[in-house]
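Report on the following structure.
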Protein chains: 2
Amino acid sequence: MSISKTYTISELAREFSITTRTIRYYEDEAFLSPRREGQQRIYAEKDRVLLKLILRGKRLGFSLNESKGILALYEPGGSNQHQLQSMLNLLREKQESLRRRLEDIEMMQSDLLEAEERIFRALTDGQANGDPDSHEQN
Amino acid sequence: MSISKTYTISELAREFSITTRTIRYYEDEAFLSPRREGQQRIYAEKDRVLLKLILRGKRLGFSLNESKGILALYEPGGSNQHQLQSMLNLLREKQESLRRRLEDIEMMQSDLLEAEERIFRALTDGQANGDPDSHEQN
DNA sequence: GTTCTAGTTTACGTAAACGTAAACTAGAAC
DNA sequence: GTTCTAGTTTACGTTTACGTAAACTAGAAC
């Protein structure tokens, strides 16, 4: 058991390009519970991982509360039959919602490809199209 | 040119499982501009597509303003050299951000798979693990 | 002619996720 | 010993994306 690395609040803020306010807010919302050293917060690797997961969730459009569900899956946690079952259910749900998001991304990507082609054609076809005002002037 | 289908506000609300308030809000924010018939709004297929795109963006965690950028790519729009170039730039940006989101999804999916295995093992291994309190009682 | 039903405008309210300012603490650097 | 620098608490403010209520309109059904 080596003493694993710790982080200050501003180190984490810098790494993830967020403000310290945001990190403290997540603590208020019980996502993080850093150790204290005197008055200061000391973050362990575990906190850093949690933070990363939260932010990843955010980028995918999960609310903090939705992410909370996901985070629960990472905790060793009390594990009787019943709890494990409901964790499995939650897991399936999240997997489903990820699949849907994946579809959304794929559709959007193919839309963007189409748009790209259109723009490319408009650029190369000469200006013999659309807006008659589209000459170099101005 | 066949007269393409039109929709009332509540038809669209039902189809996409949103409220009419939301649809009117999007109009206030200039995402939609349905035709009027007397006092009522009449939505064309075009509006329906826009709505779908907005909602897809939302599911992917794009703010309405971010989606606004994407929507601009679908409009025929004034197309002089300069405008086309900046559209291409915007397009690249959006493609990049989609790629990043795709990575996020993939990481989260593999995380979920790991979690699934852990839970499965905990379920099948008998209860000889972790929390010593995990017996059937209660 | 009134009573649904769906639609409309106006406007104040709200939850989530922070931003921002003020006032304080405490070690480090000079 | 004071002056950075980073950290802290407290608390009010702000933006986004709608919710919700009130008061009105207008065709359809009876």
Side-chain angles (χ1 to χ4, degrees), chain A residues 5-44 47-48 50-72 94 97 101 104 108, chain B residues 5-44 47-48 50-72 94 97 101 104 108:
Chain A
K5 189 162 193 293
T6 63
Y7 306 86
T8 70
I9 195 168
S10 50
E11 279 171 354
L12 289 182
R14 237 171 296 138
E15 176 174 358
F16 294 113
S17 302
I18 56 181
T19 67
T20 59
R21 173 66 172 94
T22 297
I23 297 180
R24 292 197 196 94
Y25 175 72
Y26 293 161
E27 184 176 347
D28 285 348
E29 300 295 305
F31 288 102
L32 305 173
S33 41
R35 202 176 94 225
R36 290 294 180 123
E37 197 146 292
Q39 186 176 225
Q40 287 190 214
R41 294 168 168 83
I42 309 289
Y43 296 89
D47 296 307
R48 197 177 146 276
L50 282 177
L51 193 48
K52 186 187 277 191
L53 293 176
I54 295 170
L55 296 174
R56 182 183 294 159
K58 274 201 48 180
R59 283 195 300 274
L60 291 177
F62 289 114
S63 75
L64 291 180
N65 266 326
E66 287 172 311
S67 289
K68 194 166 265 180
I70 295 182
L71 297 187
K94 295 298 175 183
S97 95
R101 264 159 230 249
D104 283 330
M108 202 175 266
Chain B
K5 189 163 194 295
T6 64
Y7 306 86
T8 71
I9 195 167
S10 50
E11 279 171 354
L12 289 182
R14 235 170 298 139
E15 175 174 359
F16 294 113
S17 301
I18 56 180
T19 67
T20 59
R21 173 67 172 96
T22 296
I23 298 180
R24 291 197 197 96
Y25 175 72
Y26 292 162
E27 184 177 346
D28 285 347
E29 300 295 306
F31 288 102
L32 305 173
S33 41
R35 201 177 95 225
R36 291 294 180 124
E37 197 147 293
Q39 188 177 223
Q40 288 192 214
R41 295 168 168 82
I42 308 290
Y43 296 89
D47 296 308
R48 196 176 147 277
L50 282 177
L51 193 48
K52 186 187 277 191
L53 292 176
I54 295 170
L55 297 174
R56 183 184 295 159
K58 274 200 49 181
R59 283 194 302 273
L60 290 176
F62 289 114
S63 74
L64 291 180
N65 265 326
E66 288 172 311
S67 289
K68 194 166 265 183
I70 296 182
L71 296 187
K94 295 299 176 184
S97 95
R101 261 157 232 249
D104 284 330
M108 202 175 266

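Residue numbers begin at 1 in each chain, while the letters A, B, ... track the order of the sequences.
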Listed nucleotide nearest any side-chain atom of B:Gln39, set C:dT25, D:dA17, C:dT8: C:dT8

Shortest side-chain distance from B:Leu64, nucleotide among D:dA17, D:dT8, C:dT8: D:dA17

Nucleotide of D:dG7, D:dC18, C:dT8 approaching A:Arg24 most closely (side-chain heavy atoms): D:dG7

Test: A:Arg14 cationic atom under 6.0 Å from A:Tyr7 six-membered ring centre, within 45° of axis: no

d(CD, A:Glu37; P, C:dT25) in whole Å: 20 Å

A:Ile54 versus A:Phe31, closest heavy-atom pair with distance: CD1-CB, 3.6 Å

Watson-Crick or G-U wobble mate for C:dG1, both contacts under 3.5 Å: D:dC30

Distance, rounded to the nearest Å, where A:Arg36 contributes CZ and D:dG7 contributes P: 12 Å

Closest heavy-atom pair and its distance - B:Arg36, B:Glu27: NH2-OE2, 3.9 Å

Separation of atom CZ in A:Phe31 from atom P in C:dA16, rounded to whole Å: 11 Å

D:dT20 base / B:Arg21 side chain donor-acceptor hit below 3.5 Å: yes

Main-chain N/O of B:Thr8 paired to B:Glu11 side chain as donor or acceptor, under 3.5 Å: yes

Whole-Å gap separating C1' (C:dA17) and CZ (A:Phe62): 17 Å

Any B:Thr22 side-chain N or O less than 4.0 Å from OP1/OP2 of D:dG19: yes

Closest-nucleotide ordering on DNA chain C, the 5'-leading residue of B:Ser10 and A:Asn65: B:Ser10

Nucleotide nearest A:Ser63 when distance is taken to its side chain, options D:dT25, D:dT9, C:dA17: C:dA17

From D:dT8, C:dC18, D:dC18, nucleotide with atom closest to B:Tyr26 side chain: D:dC18

Atom pair distance, as rounded to whole Å: CD in B:Gln40 and C1' in D:dT25: 10 Å

Any A:Arg14 side-chain N or O less than 4.0 Å from OP1/OP2 of D:dA6: no

Sugar-phosphate only, base, or nothing, as touched by B:Thr8 at under 4.0 Å among non-hydrogen atoms: sugar-phosphate

Sugar-phosphate, base or nothing in reach of A:Thr19, heavy atoms under 4.0 Å: sugar-phosphate

Distance below 4.0 Å between B:Lys58 side-chain N/O and D:dC18 OP1 or OP2: yes

Nearest-Å distance for atom pair CD1/C1', residues B:Ile23 and C:dA6: 13 Å

d(CG, A:Leu12; C1', D:dG7) in whole Å: 14 Å

Per B:Arg41 side chain, nearest of listed nucleotides C:dA17, C:dT8, C:dT25: C:dT8

Minimum heavy-atom distance B:Gly57-B:Ser67, with the two atoms named: CA-OG, 3.9 Å

For B:Asp47 against B:Leu32, the heavy-atom pair lying closest together: O-CD2, 3.7 Å

Residue matched to D:dT8 through Watson-Crick or wobble contacts both under 3.5 angstrom: C:dA23

B:Tyr25 OH - D:dT16 P separation (whole Å): 7 Å

